Amino acid sequence: NAGVTQTPKFQVLKTGQSMTLQCAQDMNHNSMYWYRQDPGMGLRLIYYSASEGTTDKGEVPNGYNVSRLNKREFSLRLESAAPSQTSVYFCASRPKRGSSYEQYFGPGTRLTVT
Amino acid sequence: EDQVTQSPEALRLQEGESSSLNCSYTVSGLRGLFWYRQDPGKGPEFLFTLYSAGEEKEKERLKATLTKKESFLHITAPKPEDSATYLCAVQAVSGNTPLVFGKGTRLSVIA
């Protein structure tokens, strides 16, 4: 089991460029999440997908879009990157509702927008 | 609004010097409280889930406890490899609510 994998590990963008962060899990989890982590701010939820075919906004969704491609994959897209989106992005997944509620995290993508 | 406050922000211990980290929370009905460990440059690693007041969980030198308002992560005789940031998060009972995280406690254990 690889768990939760994220690509790329590092990325540098110029303001206005677009990119997609990829996330995949091989644990057959239903729910998947995208967070950003900034110094002094903690982990903040951007979007989540409770199950395949559904997505919902989290605390800080502006400037982002998501796609739940299938049960395994959940991507995060920045359409027009801004310096304020410089951050570390984490994807997480969780087993189905009614069982364990803990989330399992990927290794992160470190994004710098210049 | 659900909130999590962790204290202290940073803690420096000598090897073998036991201590506790605090996580205070307000939530509209607690489904679960979670502790994670995060090493620099890595994603958070799940440690414990606590579901009800009075519950305790242990793993090696770590013990997590829960009351109706706070949780403690007790570290007994810590070693330098315990150095990390420890994150606390809560999930409310209502619906499929996401986790709400605290800002973490950065622990340094000096040999």
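As a basis for the values below, the full set of heavy atoms in this structure was taken, side chains included, without hydrogen atoms, waters or symmetry mates. Remember, it's a predicted structure, so these values are computed and weren't measured experimentally. Each chain gets a letter, A, B and so on, in the order the sequences are listed, and its residues count up from 1.
Within a 6.0 Å radius of CE in A:M41, other residues, nucleotides and ligands contribute 12 heavy atoms or fewer. For B:E17, the CD atom is densely surrounded, since the number of other residues' heavy atoms within 6.0 Å is greater than 12. Heavy atoms from other residues, nucleotides or ligands lying under 6.0 Å from CZ of B:R61 number more than 12. Taking a 6.0 Å sphere around NZ of B:K57, one finds it holds more than 12 heavy atoms contributed by other residues, nucleotides or ligands. The environment of A:K71 atom NZ is dense: over 12 non-hydrogen atoms of other residues, nucleotides or ligands sit within 6.0 angstrom.
Residue contact with chain B, scored on non-hydrogen atoms closer than 4.5 Å, involves the backbone and the side chain of A:L43 alike.
In this structure, the side chains of B:F46 and A:F105 stay at 4.5 Å or more apart for every pair of heavy atoms.
Between the B:Y36 side chain and the A:Q103 main chain, a donor and an acceptor come within less than 3.5 Å of each other. Proximity of a side-chain donor or acceptor of A:R110 to a complementary backbone N or O of B:G41 within less than 3.5 Å is detected.
Taking the centre of each ring, A:Y35 and B:F101 come in below the 6.0 Å mark.
Separating the CG atom in B:L99 from the CD atom in A:E102 is a distance of 9.5 Å, to the nearest 0.5 Å.
Cluster annotation: B:L50 and B:F72 are assigned to distinct hydrophobic clusters (Ile/Leu/Val/Met/Phe/Trp/Tyr, side-chain heavy-atom contacts under 4.5 Å, transitive).
When all heavy atoms of B:Q38 and A:F90 are compared, the pair lying nearest together is NE2-CZ, 3.5 Å.
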